[in-house]
Structure formats: structure tokens, C-alpha cells
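Here is the naming used below: chain letters follow the sequence lines, and residue numbers restart at 1 for every chain. Just so it is clear, the values below take in all heavy atoms, side chains as well, and ignore hydrogens, waters and symmetry mates.
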2 protein chains.
Amino acid sequence: MDRHFADSLMAAIEEKGSPICVGLDPRLDRLPANILTDYGPNDPLGAVRTYCMGVLQAVAPVAPIVKINIAYFEVFFGAGVSLYYELVHHAHELGMLVIGDIKRADVGHTAEMYAQAHLCDPPKSSPPKSGPPKCGPPDSDPLESVSAITPKHIPDAVTLNAYFGIDGLKPFIDAAETFGRGLFLLVQTSNPSAVEVQGLRVHNGETVCEHVAKRVEEWGSGLVGASGYSSIGAVAAPHGAESMRKLRDRMPHAIFLVPGFGAQGRTAEDVAPCFNSDGRGALIAASRSVIYAFEKDQASDWVQSIGRACREFADQVGVLVK
Amino acid sequence: MDRHFADSLMAAIEEKGSPICVGLDPRLDRLPANILTDYGPNDPLGAVRTYCMGVLQAVAPVAPIVKINIAYFEVFFGAGVSLYYELVHHAHELGMLVIGDIKRADVGHTAEMYAQAHLCDPPKSSPPKSGPPKCGPPDSDPLESVSAITPKHIPDAVTLNAYFGIDGLKPFIDAAETFGRGLFLLVQTSNPSAVEVQGLRVHNGETVCEHVAKRVEEWGSGLVGASGYSSIGAVAAPHGAESMRKLRDRMPHAIFLVPGFGAQGRTAEDVAPCFNSDGRGALIAASRSVIYAFEKDQASDWVQSIGRACREFADQVGVLVK
């Protein structure tokens, strides 16, 4: 397998010029008004699909990678999950890498199932079934058939929760190695109550998340690429420069996926300590401040507003690594 | 809202006579041979559907509740997730309660989306769309339309991961209260590497999972029902009687969902300490030892084998609470 997630990501950041990740988490109540009008109350998923396609188109020239949060699609049940895979495919078609923000965790054979569903190449497509040709209402699910899913429908990396320890991660690590994909393990999250568990102080004086950070570096040691970074990265939200330095020290080879920029209030200054001294090693994520930019910019087309906001986001972060 | 998950579960256990939970996690490679033959290689989901319907039918007379692990359905992408919801509905039709084993975790609005997808009553159904009537191949997704999901398709409780602290759980706790459903929070899992994070010793000498256990009792204090148990329970696997006693002491009002019976090797003796002194407060789960019982019993019909294995499982556990 010549493909390597961390190397591909580093090359994509180099090419697009800024280490940003746009989060796609569409809220029905915040879609552009004209889309909601066009689809009406009976086809919410059609509206979400059109909006997401527009967002991907708008950010593709600037963003090396997008993060698609599956929760916003699971809320539409099976058909929503099919749309999630369709959007992963569409982002790939537009030349972007994709993080599937799934935050899954389980053990044993269940973890294997999650890895198969979210990180492995799908089983070879079966020939189409005999029987009457498919027809149905406009929203009928294009990915209804299991065999319609191709490797291009599978994200390049996924987010995972490490509460189970290595047992829950091994099938994903194996899949990452086999298929050249990657993982971002939850280490320190951006929410206020993160400290309730992640911030617990362990006997040796470390916090739980600092301890998890050391394990992430170990687990990722076998997947370090030519770029010097591992395909096993970490979700690491800044809780002050000191806490970030402690995480950076423990995970020199991990790419940090850094949430909370923009709408969640973090600034370029806050996220600067997430980078290594060479100006690499972090991927700064923003969602609402980019994908809902049209709310503050009624004058122009919503796709153009999102594209402009994405460019500004890229410039703000870009100066950190110049 | 008069419905209360813990009270409903206690009543169902009383009625069926044994505090057992059958786990439904179908592996394609272990389905009865005749089912695989009937459906052939091009319709794996049809085979899984028929098998799961048979398992539910077989265990319904004995099991007060089943646990459906969504990972085994996600592996079939959107159509698989639709089948998951269909099976929740079918289990309800058969008079059983259902735990959706989803192990989700996220924060803020994303947690709200997961709660909406997995624990809230769905939005009121929209009128069917105009356009040609739906037709398609036999496997076309019956729940493709978002509006086809009803409250009966939603499980009575879900499993969640507490790594984010209360922020990630609040939307689920609110949904549990509003809709009379419940939660099982991961406290101590059954896998060998559970100790890597859950077993870390915190400054006060407690382990991380013992600390989480105290929070579970706090978080659940507002949802204690007439039965004396809270609708916020805990996934708590025995790692020896002493560790179980420590968890029981910290969570007197929590129902323990106890994995690992049967195939994972735990015996009635191992799980006995999971119960309170009144013989209540634990739900013993088994999956493979029941749902694949026909593998060791080629002589008889697979549905009958599963039914017999479920009865034996119920009897083994039942003696603990007599």
C-alpha cells in the first residue's frame, strides 16, 4: 500500500497553502432560506444534500480536507447515512481529503464492524440483482444497495474514542495500515466539561488526557510516514498554551486536529501552540464560522459567502505557518 | 410523561422472570447455512434481516429486553441502518424492550443530533410525497423515507461513552426524561485493555471508572423511578467481585448492564456481585452463546435452538435472583 494518510495530508496542505479543515455539520434550521423553500417541509434531506454539495464546492479550492460529522446525517436515519457516504465521495471528486467525524468506539468483533463500515475499502461490488429496474420518488436512496459503496465513498480518516484502550482501536489501526487511511483519537476535547474525565489527575501527576496522549504516540509509532508524521493523530483542543505544550511534547509525531476555531471563539493565537516548531503538525478546524457565513452576508450568493469565509479562515491560519 | 425506562424494565424482568438481555450482533459468516443459500451472495442484508427476525421471535417469550448493536448494521451502510430501526420496531411488536447499543459520544449540538437520531421520538411524520408510487427490487429500503420512522422504531435506551463529561450526555439525559427512555453509560468494559484508561488510578486512589461511576449516580439522581432505580444505568463488566462491589457501592440506584456472560466466559458466580442485596439492579447480557446456539445443535431447527439456549441462559441467571 503506497498511500499514506499523514503524507497525503501534508502534501495537500502544502498544495492548498493552509492547514485548515472545514467541518460539515449541517443544521436544517440554518440552511439558506431559498433552499428550504425549494424543497419544502417534506424533503428535508434533499435540502441538506443541496446545501452540503454547495458547501463542498465553495471550500474545495482552499481546503485540503473537510470533516463530515455523521451525527448530522444519522438524524435522518438510513437515508441520511447514505447521504453521508455520498458526500464523502463528492468531496473526493472535488479533490479534497475527508475526515469522517464518527467518534466511534467498541471492542472486539464490534470494533472490526465499525472499521469495516467506516475505514476499510468495501467488499468488491456484487453484480446488480435481477428483478424490475429500480424506480421511486425523487429522493429514493441512490446508495440503498450495499454494493453501491466504493472506496471513494470511504473517508481518508475517522475520529475515534479511546476509552476502551487498544482493544477498541486495533481493528482501526490495522485498517489504517492496510488501506493507507488514518485516525484521530480523542485526547482533549473543546467542551467545558471535558475536564470531568479527561482532566482527572492520575497518580503520577499527569491528567488522563496527557496519559492517553502518550499512548497515542506509541500506537502511532508504526505508522509514521516520509513526512515525519503518523497516520494516527489526535483531537486536541487548546485549554491554554501550557496544556497544549504538554500534549505536543507527548505526541511529537501526531497531527493535531484542533477544534474550536471561529464560532467556538478560539483565535490564531490560541491555536499557534498546536503546531510543532517547524510550523507543521496541526490541522485547524472550523465549521459554523465558515459554513453559515452567508447569515451575516445577505447581500451575496450563499456559496460565494462560504467560499469567501473559507478563504479568510485559510489566511488567518496560514500566517501561523509562514 | 408517565413512561419511565427503569420502571418499565423492572416490570418486564418481573413478568418474564429473569434479568437477561440478549445481544443481537449478527455476523454474516455465522448465519444458518440455509439462510445464506436462500439469499445468495448478492443479498447479504436480506439474509441478515431474516436471521435477526428469527432470533427476535425465538427469544421474545423469555427475554424482557434485547440489545441491538448498530455496528453490525452500519457495516451495510445506509440500508443496514434502516434495518437496525426496522428491527427495533419488530422487537417492540414482539413485546420486548430494546437497548440500542450505539456507544455514541459527542458534544454540544452534535450530541443533540445523536440524541434526536437515537433516543427522541422522531418528528411528526410528513404526508407522503407526490410522484410515482415507490417500487423497486425486493431489498429496497422500507425506511428510506425519513418520515417512515415512528416512536416504535426508537430504542427504549442507548449505550453512551462518557469521555466528554456531562456536556456530551445532557441532550441524552434530557431526552430520557422527556420521552421516558434510558441510558447505559460505559463505566467498566469487559475487554482486557479496559484498564489502559478506565483503570488508571486517580490521585485520590480511585480508578477512572470508579470516578465515572460516582458521576453516573449523580447524573441519574433526577431520574429515579418508583422501582427505586434510575433510568441512567451503567455498562459494568465484572473484573472480580471486589471491583464490582466498589462500583455497586458508588451506583446504588443504577441498573448495571453486564456484558460477557457465556461466550466471553463469565459465569453466574462472576455476575452475582452485580446485583443489589435485593436481587435486583443488574441486567445480564449474552449474545453469541444464545444467537449462535444452532452451531452446536445441528439436529434441530435454528430458531428452536436459539429459543432453547435463551431459556437455559434465563434459568442460569434466574437462580441468582430467586
Relative to chain A, which segment of B/V187 carries a heavy atom at a distance below 4.5 Å: side chain, backbone, both, or neither?
backbone
Counting only non-hydrogen atoms closer than 4.5 Å, does B/D167 touch chain A with its backbone (N, CA, C, O), its side chain (CB onward), both, or neither?
both
Taking B/K214 first and then B/E217, would you say they form a salt bridge - that is, a charged N and a carboxylate O separated by under 4.0 Å?
no
Measure distances from A/T110 to the heavy atoms of chain B and classify the residue's part below 4.5 Å as side chain, backbone, both or neither.
both
Bottom line for A/H211: the part with an atom under 4.5 Å from chain B's heavy atoms is side chain
Pick from B/V107, B/N161, B/D25: which one has the most heavy-atom pairs with chain A under 4.5 Å?
B/N161
Heavy-atom contact with chain B under 4.5 Å, split by part of A/R104
side chain
Per-residue tally against chain B (heavy atom, under 4.5 Å) across A/V208, A/T159, A/V195, A/D106 peaks at A/D106
Give a yes or no on whether the backbone of A/A194 and the side-chain of A/T189 come within a donor-acceptor separation of less than 3.5 Å.
no
For chain A, which of B/K103, B/Q116, B/E112 has the most heavy-atom pairs under 4.5 Å?
B/K103
Would you call B/Q188 and B/V235 a side-chain contact if the rule is heavy atoms closer than 4.5 Å?
no
So do A/Y84 and A/P155 actually touch side chain to side chain, heavy atoms under 4.5 Å?
yes
Interface residues of residues 66-73 of chain A facing chain B - non-hydrogen atoms under 4.5 Å apart:
A/N69, A/I70, A/A71, A/Y72
How about B/L119 and B/L183: do any of their side-chain heavy atoms sit closer than 4.5 Å?
yes
Between A/C209 and chain B, with a heavy-atom cut-off of 4.5 Å, which part of the residue counts as in contact: side chain, backbone, both or neither?
both
Does the distance from a Lys or Arg side-chain N to an Asp or Glu carboxylate O, for B/R201 and B/E206, drop under 4.0 Å?
no
Chain B heavy atoms under 4.5 Å from A/A115: which part of the residue, side chain, backbone, both or neither?
neither
Would you check if the side chain of A/S221 reaches a backbone N or O of A/E218 as a donor-acceptor pair within less than 3.5 Å?
yes
Indicate yes or no for a side-chain donor-acceptor contact from A/T207 to the backbone of A/L200 under 3.5 Å, with no hydrogens or angles considered.
no
Bottom line for A/L186: the part with an atom under 4.5 Å from chain B's heavy atoms is both
Pairwise side-chain contact, A/P171 with A/H109, heavy-atom cut-off 4.5 Å (strictly under)
no
Counting N and O atoms only, with roles assigned by atom type, does the side chain of B/N191 sit under 3.5 Å from a partner on the main chain of A/F164, one being a donor and the other an acceptor?
yes
Side chains of B/E74 and A/H118, donor plus acceptor under 3.5 Å
yes
